[in-house]
There are 2 protein chains.
Amino acid sequence: MNILEKITNELDTLSKSERKVAEVILASPSTVIHSSIAALAKQANISEPTVNRFCRRLDTKGYPDFKLHLAQSLANGTPYVNRHVDENDSAEEYTDKIFESTMASLELARKSLDANDVNRSVDLLTQANKISFFGLGASAIVAHDAQNKFFRFNVPVVYFDDILMQRMSAINSRQGDVVIVISHTGRTKSLVEVASLAKENDATVIGITTKGTPLAKECSIVLTVDVCEDTDLYMPMSSRIAQLALIDVLATGFTLRRGSKFRDNLKKVKDSLRSSRFERKD
Amino acid sequence: MNILEKITNELDTLSKSERKVAEVILASPSTVIHSSIAALAKQANISEPTVNRFCRRLDTKGYPDFKLHLAQSLANGTPYVNRHVDENDSAEEYTDKIFESTMASLELARKSLDANDVNRSVDLLTQANKISFFGLGASAIVAHDAQNKFFRFNVPVVYFDDILMQRMSAINSRQGDVVIVISHTGRTKSLVEVASLAKENDATVIGITTKGTPLAKECSIVLTVDVCEDTDLYMPMSSRIAQLALIDVLATGFTLRRGSKFRDNLKKVKDSLRSSRFERKD
DNA sequence: CTACATTATGAAATAAAATTTCATTTTTTC
DNA sequence: GAAAAAATGAAATTTTATTTCATAATGTAG
């Protein structure tokens, strides 16, 4: 996709002269998009046809077309990357870095999510007799938030951030119940056990976790939320945010599935909150 | 910046023929980047020099340069926009829309945040005798999360999502205490009162809210998190996620300010959690 | 409404840029 | 080390963009 990456990748399939072109481009791509083929050829000490052949080798129609691709690569080049905070960063720097990393993680999480699994999960949720959300630590917040959301839908929903209550609830679950277990690492022993217990009691277990973890193996459906965050070394940050976004997705899917009459009901809940607020003056 | 927006803006400063060009471009910009000046002229039923003049009017060097700008606009054009979910969206569609909207909101929130305020807030937090986080509804989750984070730093921190406890805590606050009040709307009466009470008792009140709300007026520092979300009509989604990102920023600023010895301590907390996990097999 | 000025427009000429052709050089293979 | 294959660049060609300039359209003052 990105032509700069492509150049780097194909660097060894290029001829000697073509590689010279590649190097000049990689050294300063932003200059190149304003150069003519002649200027670039001179810069790389090779002839114009070589530049042209170089462009064609990268599956572009010719030099102008190549420049177009290059321009596009530069435009969205590394938009949101996981940039690590540095010891000496200013407030502005670490603020930007954290926001950007969060956005990068959301992008990643979105890609790791399977729309089919989302769809099946929404199916199960709309048909559930009871919905439970379990999480610990940072994921407890996500479970809490999920309860908040689904509570508005007027469906039986509980959340526990306490190991014992989770176990008890899991043991008392039955067919038709949906248990959503949230854990970024997917390796928290007690949560894996809870998932296993719920499963033994015929509840449907949906996991919100990283691919291939012990927790994932215990679940009927796994909603994969990969975010490349090392919570062993750092505080959980992006992981819980990606999980929350997923909760939004499930809640949205739920309301869509339930149809418009149901959404009128939501409006009522909102209206009932209004008197507790100062009026807006705009 | 974005050339497509620029065209739209300057539409009425253009001549009749030039507007024809603009319309053709706006109708299908992706086609245009692969057209020659002759092709575009023909498409718009005007002459080639007119296209050229059009390009110059938009502060580009000429047609090829214009195409470059256009290509860039298309590359990151409308990167993350707030796209509303539609009744008939598929799981894939609404998943993508929600993730994109969330990212768009984070981008917005970042822009609305003032690094100076962040810096001052971190200052105050590092020097606080006690830190309290107050929120209700969706913002309660944010307060909860904040407590989780700051608890790891081994500083006196509390959180309340209950009106009475918040009031009591606010009344008992004193100089040197920092109270962080979180509310997207900034118009929740009881929270505004709590902020006011804390302020009367000489605590420093930091608000995490939207610009210019009643809550904002009661705060010593306002951390502005604007996200253009109508929580009167919809469930809170992006707002709480942006708030969480801000909590991450504050927590990060806090650890940076406290220096490296302090960070060793964080590692200990993490290590103590390890035995509760399944070992990783990679 | 006319005469003048201003601006807008396109045909044709020119200039610039990119591509193709083909001869020469370099590299590879046997 | 000779023949084949591949790479390269000079020059010609083609394509594309720009400039020039004459004409048309539009606006303005008397």
Side-chain angles (χ1 to χ4, degrees), chain A residues 3 6-74, chain B residues 3 6-74:
Chain A
I3 196 104
K6 196 167 185 176
I7 296 175
T8 316
N9 286 340
E10 309 217 344
L11 216 53
D12 30 82
T13 66
L14 298 174
S15 75
K16 209 183 347 175
S17 304
E18 284 169 354
R19 202 167 311 145
K20 281 190 202 170
V21 184
E23 276 157 17
V24 171
I25 293 166
L26 290 174
S28 174
S30 52
T31 313
V32 174
I33 60 171
H34 296 115
S35 309
S36 69
I37 192 168
L40 177 54
K42 199 176 169 189
Q43 183 88 15
N45 270 306
I46 44 80
S47 71
E48 300 179 25
T50 301
V51 175
N52 200 278
R53 281 186 286 259
F54 166 85
C55 296
R56 297 243 168 89
R57 201 172 293 260
L58 288 147
D59 299 316
T60 64
K61 279 188 68 188
Y63 184 67
D65 189 42
F66 168 80
K67 284 212 293 186
L68 239 47
H69 282 266
L70 190 59
Q72 294 199 317
S73 298
L74 291 177
Chain B
I3 197 104
K6 197 167 183 178
I7 296 174
T8 315
N9 286 339
E10 309 216 344
L11 215 54
D12 30 84
T13 67
L14 297 175
S15 75
K16 208 183 347 175
S17 302
E18 284 168 355
R19 202 165 313 145
K20 281 190 205 168
V21 184
E23 277 157 17
V24 171
I25 293 166
L26 290 173
S28 175
S30 51
T31 312
V32 173
I33 60 171
H34 296 115
S35 309
S36 69
I37 193 167
L40 176 55
K42 197 176 171 192
Q43 183 88 18
N45 270 306
I46 44 80
S47 71
E48 301 179 23
T50 301
V51 176
N52 201 276
R53 281 187 286 261
F54 166 85
C55 296
R56 296 242 169 90
R57 201 174 294 261
L58 288 147
D59 299 315
T60 64
K61 281 186 68 187
Y63 184 67
D65 189 41
F66 168 80
K67 283 211 294 187
L68 240 47
H69 282 266
L70 189 59
Q72 293 199 317
S73 297
L74 290 178

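Labels below follow one simple rule: chain letters A, B, ... track the order of the sequence lines, proteins then strands, and each chain is numbered from 1.
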> Can you tell me how far CD1 of A/Ile33 sits from CG of A/Leu70, rounded to the nearest 0.5 angstrom?
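Rounded to the nearest 0.5 Å, the CG-CD1 separation comes to 6.5 Å.
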
> I'd like to check A/Thr13 versus A/Glu10 (side-chain heavy atoms, cut-off strictly below 4.5 Å). Are they in contact?
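They are in contact (side-chain heavy atoms under 4.5 Å apart), so the answer is yes.
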
> Is the backbone N or O of A/Ser17 less than 3.5 Å from a side-chain atom of A/Thr50, with the two atoms forming a donor-acceptor pair by type?
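Looks like no, no N/O pair under 3.5 Å.
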
> Within this structure, what is the NZ-CG distance for the pair B/Lys20 and B/Leu40, rounded to the nearest 0.5 Å?
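Spacing of NZ (B/Lys20) from CG (B/Leu40) equals 12.5 Å.
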
> Distance from B/Asp59 atom CG to B/Ile3 atom CD1, nearest 0.5 Å?
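Output value for this atom pair is 8.0 Å.
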
> Grab the OH-C1' distance between A/Tyr63 and D/dT16 for me, whole Å please.
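Taking OH of A/Tyr63 and C1' of D/dT16, I get 15 Å after rounding.
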
> How many whole angstroms separate atom CD of B/Glu18 from atom P of C/dT7?
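That distance rounds to 14 Å.
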
> Could you check how far NZ of A/Lys42 sits from C1' of D/dA10, rounded to whole Å?
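Roughly 17 Å, once rounded to whole Å.
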
> Please confirm whether the shortest side-chain N or O distance from A/Ser15 to OP1 or OP2 of D/dT8 is below 4.0 Å.
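So the side chain of A/Ser15 is within the cut-off, an N or O lying under 4.0 Å from OP1 or OP2 of D/dT8.
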
> Can you tell me which residue pairs pass the side-chain hydrogen bond (donor to acceptor under 3.5 Å, both in side chains) test with a partner in residues 30-43 of chain B, sequence neighbours excluded?
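Residue pairs with at least one partner in residues 30-43 of chain B: B/Ser28-B/Thr31.
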
> Just the rounded figure in Å: distance from C1' of C/dG10 to NZ of B/Lys20.
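Rounded to whole Å, this separation is 12 Å.
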
> Find the bend of the helix from C/dC1-D/dG30 to C/dC30-D/dG1 as the angle between its two terminal axes (five pairs each), to the nearest 10°.
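Both end axes considered, the difference amounts to 30°.
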
> Checking contacts here: which listed nucleotide (D/dT8, D/dA17, C/dT19) is nearest the side-chain heavy atoms of A/Ile37?
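Comparing D/dT8, D/dA17, C/dT19 against the side chain of A/Ile37, the answer is C/dT19.
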
> Go through it in stages, so that I can follow the logic: the residues are A/Glu18 and A/Arg53, the test is salt bridge (charged side-chain N to carboxylate O under 4.0 Å, His left out), and I'd like the CA-CA distance, side-chain angles, deciding distance and then a yes or no.
CA-CA 8 Å; A/Glu18 284 169 354; A/Arg53 281 186 286 259; 5.0 Å; no

> What integer distance in Å separates A/Arg19:CZ from D/dT8:P?
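In whole Å, D/dT8 P lies 10 Å from A/Arg19 CZ.
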
> Within this structure, what is the CD1-to-P distance between A/Ile46 and C/dA18, rounded to whole angstrom?
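Checked: the CD1 to P distance equals 13 Å.
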
> How long is the gap from CZ on A/Phe66 to CZ on A/Phe54, to the nearest 0.5 Å?
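Those atoms lie 4.5 Å apart.
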
> Has the side chain of B/Arg56 got a donor or acceptor atom that lies under 3.5 Å from a matching backbone atom of B/Gly62?
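Not at all, since once roles are kept as given, no pair shorter than 3.5 Å links the two residues.
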
> Given C/dT7, is OP1 or OP2 found less than 4.0 Å from the side-chain N or O atoms of B/Lys16?
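So the side-chain polar atoms of B/Lys16 never come under 4.0 Å of the phosphate oxygens OP1 or OP2 of C/dT7.
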
> Starting at atom CG of B/Leu14, determine the distance to atom C1' of C/dT7, rounded to an integer number of angstrom.
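Distance, rounded to whole Å: 15 Å.
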
> Counting only heavy atoms and a strict 4.0 angstrom limit, can you tell me which residues of residues 48-61 of chain A come near DNA chain D?
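Heavy-atom contacts with DNA chain D come from A/Pro49, A/Thr50, A/Arg53.
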
